2 protein chains.
Amino acid sequence: MAARLNLEEIGRRAGVSRSTVSRVVNGEPNVSAKTKRKVEAVIAATGFRPHAAARSLASRQTGVIGLIIPSEAGTLFNDPYFGRLILGASDAMNGLDLTLALFVFGEEIDESAIISRVVNPGLVDGVIVTATRMADPLIDHLRDAHMPFVVIGRPDSPHAVYSVDADNRGGARSAALHFAQLGRQRPALIAPPSNTSAGVDRRSGFLDGLAEAGLSIDGRVREGDWTEGAGRSAMAELLASSPDAVFVGSDRMAVGALQAIREANLQCPQDVAVVSFDGIIPADMVVPRLTSVAQPVREVGERAVSLLKAVLDGDVTKAESVVFPTELVIRETCGAALAATETGTAS
Amino acid sequence: MAARLNLEEIGRRAGVSRSTVSRVVNGEPNVSAKTKRKVEAVIAATGFRPHAAARSLASRQTGVIGLIIPSEAGTLFNDPYFGRLILGASDAMNGLDLTLALFVFGEEIDESAIISRVVNPGLVDGVIVTATRMADPLIDHLRDAHMPFVVIGRPDSPHAVYSVDADNRGGARSAALHFAQLGRQRPALIAPPSNTSAGVDRRSGFLDGLAEAGLSIDGRVREGDWTEGAGRSAMAELLASSPDAVFVGSDRMAVGALQAIREANLQCPQDVAVVSFDGIIPADMVVPRLTSVAQPVREVGERAVSLLKAVLDGDVTKAESVVFPTELVIRETCGAALAATETGTAS
DNA sequence: CTGAAAGCGCTAACAG
DNA sequence: CTGTTAGCGCTTTCAG
């Protein structure tokens, strides 16, 4: 029977040495066209694929990139955000012939367990870290272990790092300006957790935008943990101070906020306009359709991969922060169409 | 400076041979307590971790399990189903000290590309395949390549395979019986795609349940591609034949169906009762709250991992199909509370 | 219970 | 352009 398929065996069948086969497999230039053809024929005929572990051991590169997602009690996985992110990362990796290793850690497992699993030599070449808290200790550990990494978010680290993020501040600011333009007078805010960079940035961006427009928020601020439930109870509380507009820091919380508005027998957008951040809930999912500051999650995932790849290849050596612009997608909850009609701007 | 950390070096520092260190690392029994302690001390002091690739090469086991998710244009990733599944699989793997490699393939990449990437020797020990179509060619390819695998779903394969699935038929049947019990007379169905086992089973289970209860469906059947939009348009069509109840084959389609009902100025559950399948959309997400046949997605993911692990360890050798029961979770859209009130059953 | 020795399949100088 | 020669770090017989 056929011997186990390896470089040696392929070489034997093609009448060349193991090294030559290796060169063909790796697309190195210094192989004669004729030899190359012969070897490729044998490879095609046998369906040979080089052994990944052997290759990793010899080359000290695994071709595997880790994606670390700390999932707090599974909450995060109900958010379409991560699906999009994974899809983007995955696409980029398929194109680069890289393999994605996914590390999801619940709260019950401690930080050091994460590290020791991920920083296993010979397992991954580098990692992408998501959902980072401000000053995430994970980042320091990764650095101590000399593991190349890229952060998704805006890390608050004393050291410079590679990172990819959406323009949370700018996006939130645009929501504030939009409210101002629509003539809303009593804006409110439901911010994401302030121990995350997204939470901090979306909050400050919105407040800055209001200040710019000369609007004040007068304590109409609440914070929620990304979920529908949090959005609903935060909104219920805010309604006591009669806001006429609310910027909600995530799509999921906005869904809850809409429910609270409905339960109070108020109308959105007539009584309270709503703009959310994310733009990733399917538009048909809620009524009225959600106006939101959309961030390009998929692109963020893709870019994180290409940036890490560049770091691994030594193509980029200085800290680099990529920031993607957001886009205010106007649908129904902000009441823009309404305002347009009233002022006679619309046809 | 410290030499590169490996078995040899740890052995040198502990005054033993490389083999002994290997035995300690792998928890083999035949090591004296004293030697073991000494070696462990050195390991703890140095933070040594064995090189994954080297270990894989020598032992012919990678400790990595692949999860294959064919994502059609990203549609599937908007569904919380996959997040849950990944979470379950991931949990199980963390417990078994296994690493998860995620393979997401869009439609643009063909089947053989999937195979050649996944079946790379020395990369993964086995794979879990999801979202399988009926008679999925992927399965045959996996078998041809001698790659151990477990299917999530009910594969329609001429060969026996290992699989894990939810009781789609039984769950759908229970929805039918529930409608009958509530006195609904004109049931309708929005089924998932019939080229998937879930689609086939949910459809037949529902129809069987109706037949059992003596209800007929009279052509009030549509099919949708899992999305909100599909549910909405299917429901809009069905309304022409005045159904008083509809079983929708997925949570997302049910969200769309609810919208269509509202847009037709009908009330749910008064005019049309709705029961969906999945039970994974956060309960607070829609109003009225969705009654649905819940499937234990996380458990399915966990079980797929433990089954594959057993297969890899040779603990199970005959084809095995694990089927998880579903649970009808009654909330508001089915109108059970309503019916109870009318008949005086409720307080 | 412990050590020595032989690979696992591949890459990477180094010759030629 | 091609072959030879050493390893990469670990597991795994086989002796002792």
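Only a predicted model underlies this, so the values are computations on that prediction, with no experimental measurement involved. Residue numbering restarts at 1 for every chain, and letters A, B, ... go by the order of the sequence lines.
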* Are A:Glu320 and A:Arg303 close enough, and set up right, to give a salt bridge (charged side-chain N to carboxylate O under 4.0 Å, His left out), and what steps lead you there? -> CA-CA 12 Å; A:Glu320 185 174 333; A:Arg303 193 68 184 81; 3.7 Å; yes
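Under the side chain to side chain contact (heavy atoms under 4.5 Å, CB included) criterion, A:Thr99 pairs with A:Val64, B:Ala101, B:Phe103, B:Arg117, B:Leu123, not counting sequence neighbours. The side chain to side chain contact (heavy atoms under 4.5 Å, CB included) search around B:Ala304 returns B:Ile128, B:Val150, B:Ile152, B:Val164, not counting sequence neighbours. Residues passing the salt bridge (charged side-chain N to carboxylate O under 4.0 Å, His left out) test with B:Asp315, sequence neighbours excluded: none.
When each of B:Arg23 and B:Arg60 is assigned the nucleotide of DNA chain C bearing its nearest heavy atom, the one mapping closer to the 5' terminus is B:Arg23.
Between A:Thr20 and D:dG3, a side-chain N or O to OP1/OP2 separation shorter than 4.0 Å is present. Contact between the side-chain N/O atoms of A:Ser19 and the OP1/OP2 oxygens of D:dG3 is not found at any separation under 4.0 Å. Side-chain N/O atoms of B:Asn6 include none lying less than 4.0 angstrom from OP1 or OP2 on D:dC8.
When atom types are taken as modelled, the side chain of B:Asn94 and the backbone of A:Val104 share a donor-acceptor pair closer than 3.5 angstrom.
Counting any heavy atom pair closer than 4.0 Å across all strands shown, B:Val25 reaches no nucleic acid atom.
Note: CZ (A:Arg55) to C1' (D:dG7) measures 18 Å, nearest angstrom. In this structure, CG of B:Leu5 is placed 14 Å from P of D:dC8, rounded to the nearest angstrom. Taking atom NZ of residue A:Lys38 and atom P of nucleotide D:dC1, one finds them 15 Å apart after rounding to whole Å. As rounded to whole Å, 13 Å separates atom C1' of D:dG7 from atom CD of B:Glu8. For the pair B:Glu9 CD and D:dG9 C1', the computed distance is 13 Å after rounding to whole Å. In this structure, B:His51 places its NE2 atom 13 Å from C1' of D:dG7, rounding to the nearest Å.
Contact annotation: the side chain of A:Phe82 approaches that of A:Thr130 to within less than 4.5 Å [non-hydrogen atoms, C-beta and beyond].
Residues A:Asn26 and A:Arg55 have side chains that bring a donor and an acceptor to within less than 3.5 angstrom of each other. With hydrogens and angles left out, the side-chain atoms of B:Ser22 and B:Ser19 include no donor and acceptor closer than 3.5 Å.
When distances run from any side-chain atom of A:Arg18 to the nucleotides D:dA6, D:dC10, D:dT12, the shortest one goes to D:dA6.
Bounding nucleotides for the chain B contact on DNA chain C, 5' to 3', at a heavy-atom distance below 4.0 Å, are C:dC1 to C:dG9.
Within the structure, salt bridge (Lys or Arg N to Asp or Glu O under 4.0 Å) pairs that include any residue of residues 18-46 of chain B comprise B:Glu8-B:Arg18 (at least two apart or interchain).
The stretch residues 27-35 of chain B has no heavy atom under 4.0 Å from DNA chain D, so no residue of it qualifies as close.
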